[in-house]
Amino acid sequence: MSKQFYITTAIDYANGSPHIGHAYEKVLTDVIARHRRLSGDAVYFLTGLDEHGQKVQMTANKEGIAPQEYCDAIAEKFQGLCSTLNISNDDFIRTTQARHKDVVRQILQDLFDKGEIYRADYKGFYSKRQEQFLQEKDKVDGEWPEIFGEVEEFSEPAYFFKLSQYQDWLIDFLKTNEDFVFPRFRQKQVLEFLKEPLNDLCISRPKERLEWGIPLPFDEDFVCYVWFDALTNYISAVGYGQDGFAEKWPANFHVIGKDILVPPHAVYWPIMLHAAGIPIPKQLLVHGWWNISGEKMSKTLGNVVDPIQLADQVGPDAVRYFFIREMNVGQDSDFSADLLLTRYKTDLGNDLGNLVSRQLNMGGRYADGKVPAATIDEEPEQELKKVWDENTATVIEQYEGFQFHRGLDTAWVCIRACNRYLEVRQPWKLAKSEDATDKERVLTSLAYVAESLRLAATLLTPVMPTISAQILELVGADSVTAYEGNLTFNVGTLEGRSLGEKTILFPRIEG
RNA sequence: GCCAGAGUAGCUCAGUGGUAGAGCAGAGGACUCAUAAGCCUUUGGUCGGCAGUUCAAAUCUGCCCUCUGGCACCA
């Protein structure tokens, strides 16, 4: 079997309910996955949940339940989010699953045997008053701030991964693979970061302090700390060490947020893989964050937005459309209920939904509910066809370059052209004419709009899979499983097909 | 402090050397197949500031200002 197109989201930390940041990353990854499928790739799409660590243990304790029970509840929420938003993931990895823990231990043992992991003393500081661990950087003017009270220095054994010895290798790798990180300016940030010497990475916590983790295979008194546990999900989910692994690995894309690029995904992960003799993923796609009405989203500000609630309000496809239309991949963008409702009302309801509505209505009224034959080829028809001919390839190119917001903008140029075409043709007027040519013009215009909607729905399939399928059905088109053969404007495609009943795709929302 | 990103119409943004653009919002209009929709016209900007290169700069160079993010053990 040939190599599949393997794409992942980051795994979310099981410490709370999903917000629109989680939802966006899944939608973005899903749009890429669907786009690749339509382009003919055999896509394998992974998402999942990171379930170990201090915070999970503490939260579960506070709620008086076992950590696993707590994680099960969170996992249900995140899986529910995927299902609500129509995320087409092939798998959902949870870091507490045996398949994952086995691989983590296998890699750790392997690196330990190779001498890549060593034991040493970890020195740190602890504030009893704040019950937290401190670092040198928490000092102000070389002194511990008053709020920490008495700070004691401690030293305890720990295990370290020899990260620093691979620094030069990584710099060289990044310079040779200029496109490893998208957008490119993010790669520059990585190289900036690497100008400072790396320290070795502490990968353990003593079990007495942290129980909720994967025990180190070579010392069961310790559990694995964070990154070796979390990042490894990308290979454990696709059967590292088993037959078939090479059909998926290396991943084509890890889609991640800008907060976990440096150092985890751009530094730790490539070095871990390199040290273990595993191929490096091909590319990291780094997206920005959503601000909420101009402010950072935070629990403290109380402005966290629940994606499920949004989907309840405007429907999952409209949420997907908003995310993709509004966010320039890599940059930050602003979210507000107003922006969402405006996009819903104008782009979706007025431009697209209403166009479908007029088509179905006129189709029933003037053409017996069937897509008629196009017998007229005058300037308005040529103009409309030209718009499609000039723009469909552009949309695909923009998708290819992760310029999804611009791809949608371009698609809307076509959709608006379609509304204009109807204004020029005015079938509702021509229908009253006794002239036989005018009758032909009415029928022709309906055929042109049907074909336009078929193309629009095809182009929108990655972003709005459900609505697109619905539009295709309403204009009598077959469902689309590939771009190939479906992106050329050919007005005869749907001739004779039945149009659906009048349908309001995006009902007006009051308020 | 260092590094990066952003700064263009009221709002969201496109535009990398050749007479300032789109959508939304605002104003006016004709129409009526349609979700009071769509269409046409229109108001609105010294393109963050200053200097430079050039016949020509939003676009290239330098300096500065504002906002955002990153700056190693953070889960």
Side-chain angles (χ1 to χ4, degrees), chain A residues 11-15 50-59 122 124 133 135-137 158 160-161 163-164 183-205 210 212-213 225-227 229-230 258-264 267-268 288-289 291 294 296 325-326 328 330-334 336 338-339 342-343 345-366 403 405-406 409-410 412-413 416 418-431 442 445-446 449 502-509:
Chain A
I11 50 175
D12 302 307
Y13 193 55
N15 186 43
D50 180 10
E51 304 188 359
H52 289 124
Q54 194 81 48
K55 279 193 183 172
V56 167
Q57 185 177 314
M58 277 171 54
T59 311
Y122 175 83
F133 294 91
Q135 302 155 37
E136 281 290 342
K137 71 170 183 183
F160 292 85
F161 170 56
L163 197 70
S164 57
R184 195 169 284 201
F185 75 85
R186 297 273 178 212
Q187 177 131 339
K188 281 199 225 158
Q189 287 183 349
V190 180
L191 285 166
E192 283 301 320
F193 175 81
L194 288 169
K195 282 182 180 165
E196 298 293 317
L198 291 170
N199 289 333
D200 286 344
L201 178 68
C202 178
I203 60 156
S204 68
R205 285 291 183 272
L210 178 62
W212 188 238
Y225 180 64
V226 189
W227 294 114
D229 182 344
K258 64 181 186 178
D259 52 320
I260 50 172
L261 174 68
V262 181
V267 178
Y268 302 159
W289 280 2
N291 293 318
K296 231 177 127 165
R325 178 63 187 83
E326 209 71 24
N328 179 348
Q331 307 288 335
D332 291 350
S333 290
D334 202 45
S336 75
D338 268 0
L339 285 172
T342 299
R343 287 287 180 200
K345 193 177 107 183
T346 60
D347 296 3
L348 297 178
N350 296 352
D351 290 341
L352 178 61
N354 185 52
L355 177 63
V356 170
S357 179
R358 19 186 1 192
Q359 166 74 2
L360 297 179
N361 192 61
M362 289 193 282
R365 195 181 289 219
Y366 308 134
Q403 301 289 295
H405 65 304
R406 294 176 60 195
D409 191 44
T410 306
W412 250 258
V413 167
R416 285 194 212 98
C418 215
N419 274 314
R420 275 200 298 277
Y421 168 73
L422 283 175
E423 299 298 329
V424 173
R425 267 300 174 218
Q426 304 193 326
W428 52 91
K429 270 191 182 165
L430 296 180
V442 171
S445 68
L446 295 175
V449 173
K502 277 201 275 180
T503 305
I504 301 296
L505 293 174
F506 304 99
R508 284 180 70 83
I509 296 171

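Naming: A, B, ... by sequence-line order, numbering from 1 per chain.
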Next item on the list: Using the C1' atom as the reference point in each nucleotide, state the distance between B:G15 and B:G45 in Å, no decimals.
Entry: 15 Å
Next item on the list: Among B:A4, B:A75, B:A72, find the nucleotide with the atom closest to the side chain of A:Gln189.
Entry: B:A4
Checklist line | Partners meeting salt bridge (charged side-chain N to carboxylate O under 4.0 Å, His left out) with A:Arg325 (sequence neighbours left out) | finding: A:Asp409
Check: Rounded to the nearest Å, what distance is computed from the CZ atom of residue A:Phe193 to the C1' atom of nucleotide B:C73?
Finding: 10 Å
Notebook entry, point to check: Counting any heavy atom closer than 4.0 Å, what does A:Phe185 reach on the DNA or RNA strands: base, sugar-phosphate only, or nothing?
Noted result: sugar-phosphate
Notebook entry, point to check: Taking atom P of B:U32 as reference, at what distance in whole Å does atom OH of A:Tyr366 sit?
Noted result: 11 Å
Checklist line | By ring pair (Phe, Tyr, Trp, His ring centres under 6.0 Å) - contacts of A:Tyr225 (at least two apart) | finding: none
Item checked: Nearest-Å distance for atom pair NZ/C1', residues A:Lys429 and B:C31 -> 6 Å
Next item on the list: For A:Ile260, answer base if it contacts any base atom (sugar-phosphate contacts may also be present), sugar-phosphate if it contacts only those atoms, and nothing otherwise; contact means non-hydrogen atoms under 4.0 Å.
Entry: base
Notebook entry, point to check: Is a donor on one side and an acceptor on the other found under 3.5 Å between the side chain of A:Trp212 and the backbone of A:Met58?
Noted result: no
Margin query: Checking A:Arg358 against A:Asn419 for the side chain to side chain contact (heavy atoms under 4.5 Å, CB included) test, could you report, in this order, the C-alpha distance in whole Å, the side-chain angles of both residues, the deciding distance, and whether it holds?
Written below: CA-CA 10 Å; A:Arg358 19 186 1 192; A:Asn419 274 314; 2.9 Å; yes
Please produce a list of atom pairs where a protein N or O lies less than 3.5 Å from an N or O of nucleotides 8-15 of chain B.
{"residue": "B:U12", "atom": "O2'", "partner": "A:Glu326", "partner atom": "OE2", "Å": "2.9"}
{"residue": "B:A14", "atom": "OP1", "partner": "A:Asn328", "partner atom": "ND2", "Å": "3.0"}
{"residue": "B:G15", "atom": "OP1", "partner": "A:Arg406", "partner atom": "NH1", "Å": "3.3"}

Item checked: Spacing of A:Asp332 atom CG and A:Asn291 atom CG [to the nearest 0.5 Å] -> 5.5 Å
Note to self: Counting only side-chain heavy atoms from C-beta out, which of B:A4, B:C24, B:A75 sits nearest to A:Thr342?
What the structure shows: B:C24
Margin query: Over all strands shown, is A:Trp227 touching base, sugar-phosphate only, or nothing at heavy-atom distances under 4.0 angstrom?
Written below: base
Note to self: I want to confirm an ordering. Mapping A:Arg508 and A:Gln54 to their closest nucleotides on RNA chain B, which one lands closer to the 5' end?
What the structure shows: A:Arg508
Item checked: C1' gap between B:A72 and B:C2, integer Å -> 15 Å
Next item on the list: Using a heavy-atom cut-off of under 4.0 Å over every strand shown, decide if A:Leu505 touches base, sugar-phosphate, or nothing.
Entry: base
Margin query: By the 4.0 Å heavy-atom rule, please label A:Leu198 as base, sugar-phosphate, or nothing.
Written below: base
Next item on the list: Specify the residue among A:Met362 and A:Lys55 whose closest nucleotide of RNA chain B lies further upstream toward the 5′ end.
Entry: A:Met362
Next item on the list: Name the nucleic acid region contacted by A:Lys195, choosing base, sugar-phosphate or nothing; use a 4.0 angstrom heavy-atom cut-off, strictly under.
Entry: nothing
Item checked: Partners passing side-chain contact (heavy atoms from CB on, under 4.5 Å) against A:Arg406 (at least two apart in sequence or in another chain) -> A:Gln398, A:Gln403
Check: Who pairs with A:Arg205 by salt bridge (charged side-chain N to carboxylate O under 4.0 Å, His left out), at least two apart in sequence or on another chain?
Finding: none
Pair up each side-chain donor or acceptor in residues 346-354 of chain A with any protein partner under 3.5 Å, not counting sequence neighbours, and list the distances.
{"residue": "A:Thr346", "atom": "OG1", "partner": "A:Thr342", "partner atom": "O", "Å": "2.7"}
{"residue": "A:Asp347", "atom": "OD2", "partner": "A:Tyr321", "partner atom": "OH", "Å": "2.6"}
{"residue": "A:Asp347", "atom": "OD2", "partner": "A:Arg343", "partner atom": "NH1", "Å": "2.9"}

Item checked: Spacing of A:Ser333 atom OG and A:Trp289 atom CH2 [to the nearest 0.5 Å] -> 14.0 Å
Next item on the list: For RNA chain B, list all stems, counting runs of three or more consecutive pairs where every pair is Watson-Crick or G-U wobble with both distances under 3.5 Å.
Entry: B:1-7 with B:65-71, B:10-13 with B:21-24, B:26-29 with B:39-42, B:48-52 with B:60-64
Note to self: Considering every strand and a 4.0 Å limit on heavy-atom distances, what is the contact class for A:Gln331: base, sugar-phosphate, or nothing?
What the structure shows: sugar-phosphate
Next item on the list: Using the test side-chain contact (heavy atoms from CB on, under 4.5 Å), find all partners of A:Lys429 that sit at least two apart in sequence or belong to another chain.
Entry: A:Gln426
All N/O pairs under 3.5 Å across the protein-nucleotides 38-42 of chain B interface:
{"residue": "B:G38", "atom": "OP1", "partner": "A:Asn350", "partner atom": "ND2", "Å": "3.0"}
{"residue": "B:G38", "atom": "O2'", "partner": "A:Arg358", "partner atom": "NH1", "Å": "3.0"}
{"residue": "B:G38", "atom": "O2'", "partner": "A:Glu423", "partner atom": "OE2", "Å": "3.1"}
{"residue": "B:G38", "atom": "N2", "partner": "A:Glu423", "partner atom": "OE1", "Å": "3.1"}
{"residue": "B:G38", "atom": "N3", "partner": "A:Glu423", "partner atom": "OE2", "Å": "3.2"}

Margin query: Give me each pair satisfying salt bridge (charged side-chain N to carboxylate O under 4.0 Å, His left out) with a member in residues 186-196 of chain A, each pair once, sequence neighbours excluded.
Written below: A:Glu192-A:Lys195
Notebook entry, point to check: Quick one: ring pair (Phe, Tyr, Trp, His ring centres under 6.0 Å) partners of A:Phe193, sequence neighbours excluded?
Noted result: none
Notebook entry, point to check: With sugar-phosphate meaning primed atoms plus P, OP1 and OP2, does A:Phe506 contact a base, only sugar-phosphate, or nothing at under 4.0 Å between heavy atoms?
Noted result: base
Margin query: For a quick test of reading the model: is some side-chain N or O of A:Arg205 closer than 4.0 Å to OP1 or OP2 of B:C74?
Written below: yes
Next item on the list: Ignoring the backbone of A:Ile504, work out which of B:U35, B:A4, B:A72 is nearest its side chain.
Entry: B:U35
Note to self: Applying a 4.0 Å non-hydrogen cut-off, can you work out what A:Pro427 is touching in the nucleic acid: base, sugar-phosphate, or nothing?
What the structure shows: nothing
Next item on the list: Examine distances only and state if a side-chain atom of A:Gln57 and a backbone atom of A:His52 form a donor-acceptor pair shorter than 3.5 Å.
Entry: no
Notebook entry, point to check: Roughly how many Å is it from CG in A:Leu191 to P in B:G70, rounded to a whole number?
Noted result: 19 Å
Next item on the list: Starting from C1' on B:C33, measure out to NZ on A:Lys502 and report it in whole angstrom.
Entry: 9 Å
Item checked: Contacts of A:Asn199 that satisfy side-chain contact (heavy atoms from CB on, under 4.5 Å) - sequence neighbours left out -> none
Margin query: Please give the distance between the C1' atoms of B:C39 and B:A30 as a whole number of Å.
Written below: 9 Å
Notebook entry, point to check: Which nucleotide sits closest to the side chain of A:Gln426: B:A4, B:C31, B:C73?
Noted result: B:C31
Next item on the list: Rounded to the nearest angstrom, tell me the gap between atom CZ in A:Arg365 and atom P in B:U32.
Entry: 13 Å
